[in-house]
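Remarks on the structure that follows.
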Amino acid sequence: MIQVQLPDGSVKDYADGTTAFDIAKGIGERLAKATVAAEVNGTIIDVNRPLNEAPGERPLQFKLLTEKDAKAIGVLRHSTAHLMARAIMRLYEGVGLAFGPTTGNGFYYDFDLKTPISVDDFPKIEAEMQKLVELGEPFERFQLDRDKAIEFCRDLKQDLKVEHMETGLAAHESVSFYRQGEFADLCRGPHIPDASRIKAFKVLSVASAYWKGDAKNKPLQRVYGTAFFSKDDLKEYLDQVEEAKRRDHRVLGKQLNLFNISNDVGQGLSLWLPKGATVRATLEDFIKKELLLRGYTPVYSPHIGRVEMYETSGHFPYYRDSQFSPIFGHDAGQLVDYWIRKINDGKLQDCEEKQFAETAKLMGCEVAGDALRASTKEDKTRILHQWERNQERYLLKPMNCPHHVQMYKSQPRSYRELPIKLAEFGTVYRHEHAGSLNGLLRVRGLTQDDAHLFCMPEQVEEEFKSTLELVKFVLGSVGLDDYRVQLSLRDSKNKDKYVGSDAGWESAEATLRNVLESMKLPFEAREGEAAFYGPKTDFMVKDCIGREWQLGTVQLDFNLPERFDLEYIGPDNKPHRPVMIHRAPFGSMERFVGMLIEHFAGAFPLWLAPEQLRVCPVTDNANEYAKQVEAQFRASGFRINTDTRSTKVNAKIRDAQLDLIPYMLVVGPKDQEAGAVSIRDRIGGKDLGMLPLGEALAMLQKEATERAVRQVVKSKFRSFDQDQGEMFAE
RNA sequence: GCCAUCAUAGCUCAGUCGGUAGAGCGACGCUUUCGUAAAGCGUAGGUCUUCGGUUCAAGUCCGAAUGAUGGCCCCA
């Protein structure tokens, strides 16, 4: 007998060998037909697996997953990946199978193929898949001991699977397979009951990837696809992809002259053109005002800092590979640094070392000879390192926090001053891989809307709450109100990985959880995802076409106060250690504006638009009056221009419309006579009619100061990218 | 950093078999003076990303470098 608890709370007994399908059938035929998989004690399993095999507590927490459950789509896609692999094996000779997982909005399967697959082959593959769907064969699970399984895959000539079982799955005594007709694949599952459930699918693209993601391994061909329970859902998804292409911020950025990334300046280094800079400055001014109201104080810090400071913070050694090389005060610095690293890696040959020493001496490094004569590796590095530490070495700032920590340390602190909130739009530099740069979304020089809060442990709750409220507020100001929060906690089984006391972590994690709950923010706790220095929360924000972006972040830090030995004097007249909160509501200005361009498809709301209004005189005769109108609006703080070209007014309106100017002020003799303007709304191209100047001004001012967002249509799209963004606060 | 593809006027692109460069839009000039998505005519604008090679001859073929795009990896 097995005890099962259904979602309604009722507990029922079933005979051993009962499957989810049996239970569904017991409830109703139609439910059984709609059931895709079952969730048992939080794990998704096949509908035809005996429930007594499920591990975990009894009674089993049991839930049927139908096509309506968000979790069911992953099962469908994984099965479609198998189907695609089977189709490709039918079409090509000697296909090696690697991995075939699901992704945020589809799936892929990696193949080792003799002939490359191209886009032209997709229809052929899809046709073969369709045949398999029509066969409607079941996905059958079977279990083999590891030895047997290895033998089985060897017979199938699936070398990659053999290797994976010998290495990655070495700890597993037995492994599971899924069979569908002639096709059998090593797979953990779960799968849909049979192929006829696959109602809509598409092969999307092909790219190269490495076996197990390691460039040392052989390159494989990764074929991407997606699947849905209905044709409508698939169409909706494909429309979304089209829509995303239309909104590409790199294309719009060029068209609208917002920003430019020039070869001559360097990869990943953005130039903010006047229009893009206006959007950014408007956002920055808005935040700065808000921060003043919330007790933050502005600070500024330089773009470089001594390497030692980043060694103390721990970031220099750890992130060296993704930083720009240090700037050395001494000519020989770079050489000596390279020399030390070679010694440490044990890759230095005698002749090379002599060359280094000679060159270093030529460059004026006197200790080079001593290092050469030193007998042990340790002595050599000690001598060289000592020399190096006496030189000036600077790092292009990879983050702002060490600078702000130094500001905290610049004087003794009393508990009465806390919390201290230091805010700076700090520009930092990171040497991101060339292949991962992407417009404004991934750059090498970026400005964080950064701030660091130094507070007493007992203030953490309140301060954490206030930062979350700030993030909510600023996201709302641009009309972003659809988001969820990821709460990253430490891995409770692996406590050694983290700094700070056990009690400190426990109370901090409980505090974060309480605050999120009390604020009724939808959040998802992720154990083991915390940074080594503290728990954190990230805002995953949905844009108007349903894509998810990782933007703002709030992080607790026990580490830096420790490393930099930060203190405050408490009411007991004894020194105490403060806690730091890092936070960046937008993340980086680059990424945020890039995201906004896509969110608004370049059509910014009035308060953000780089050019808010454009005066379109009907003929040259109206130019003078147009200029008067322009001057009046400009004096009231509007960003406004007049189109004085001697073209037809239709052309002026068309160009203003294409430049995505929120409102056009059409003026001619009639308006001049009435002291009015005729307003045209960009949205829908509506003629709002003639308004007296004062009224027009008041109306537009109201919209701008309210930061109204009029146009963003909430998308019907349900699927979204699991877009992994950057984590900005340190 | 790795794999694949690509690089022609300010922008979007054409350029056949290797024979010395073309369009539309934009800019500029002249004409036009027009009321809610494109007036007409004309002019200027190019070391075909760079370097090297093959050839009588290279935008075109070959090699390398640089950059971009897509994917992998990474993302404090």
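Lettering of chains follows the sequences in order, A, B, ..., and the numbering in each one begins at 1.
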I want to check one thing: is the phosphate of B:C75, taken as OP1 and OP2, less than 4.0 Å away from some side-chain N or O of A:Y318?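 A:Y318 to B:C75 OP1/OP2: no side-chain N or O under 4.0 Å.
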Is the phosphate of B:A37, meaning OP1 or OP2, less than 4.0 Å from a side-chain N or O of A:R680? yes
Would you say the rings of A:H404 and A:F454 are close, in the sense that their centroids are separated by under 6.0 Å? no
May I ask you to check whether A:F633 and A:F638 place their ring centers less than 6.0 Å from one another?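 Centroid separation for A:F633 and A:F638: below 6.0 Å.
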[X] near the nucleic acid: base, sugar-phosphate alone, or nothing, with a heavy-atom cut-off under 4.0 Å?
{"X": "A:V666", "value": "base"}
{"X": "A:D321", "value": "nothing"}
{"X": "A:N263", "value": "sugar-phosphate"}
{"X": "A:S678", "value": "base"}

What is the per-nucleotide protein-contact pattern of nucleotides 6-11 of chain B, from the 5' end, where B denotes a base atom under 4.0 Å from a protein heavy atom, S denotes such proximity for sugar-phosphate atoms only, and - denotes neither? ------
Is there a salt bridge (charged side-chain N to carboxylate O under 4.0 Å, His left out) between A:R393 and A:E311 once you walk through the steps? CA-CA 11 Å; A:R393 289 184 298 155; A:E311 279 173 343; 3.6 Å; yes
As a test of your reading of the structure, name each stem of RNA chain B as range with range, where a stem is three or more consecutive Watson-Crick or G-U pairs at under 3.5 Å.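 RNA chain B forms these stems: B:1-7 with B:66-72, B:10-13 with B:22-25, B:27-31 with B:39-43, B:49-53 with B:61-65.
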Can you find a donor-acceptor N/O pair under 3.5 angstrom joining the side chain of A:N650 to the base of B:U36?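 When only heavy-atom distances are counted, A:N650 does not reach the base of B:U36 through any donor-acceptor pair under 3.5 Å.
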On a plain distance test, is the side chain of A:R430 in donor-acceptor contact with the base of B:C74 below 3.5 Å?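 Between B:C74 and A:R430, which were checked side chain against base, a qualifying N/O pair under 3.5 Å is absent.
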Contacts under 3.5 Å, N or O only, protein and nucleotides 23-27 of chain B:
none

Give the ring-plane orientation class for A:H315 versus A:Y533, where under 30° counts as parallel, over 60° as perpendicular and anything between as tilted.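 Answer is perpendicular, since the angle exceeds 60°.
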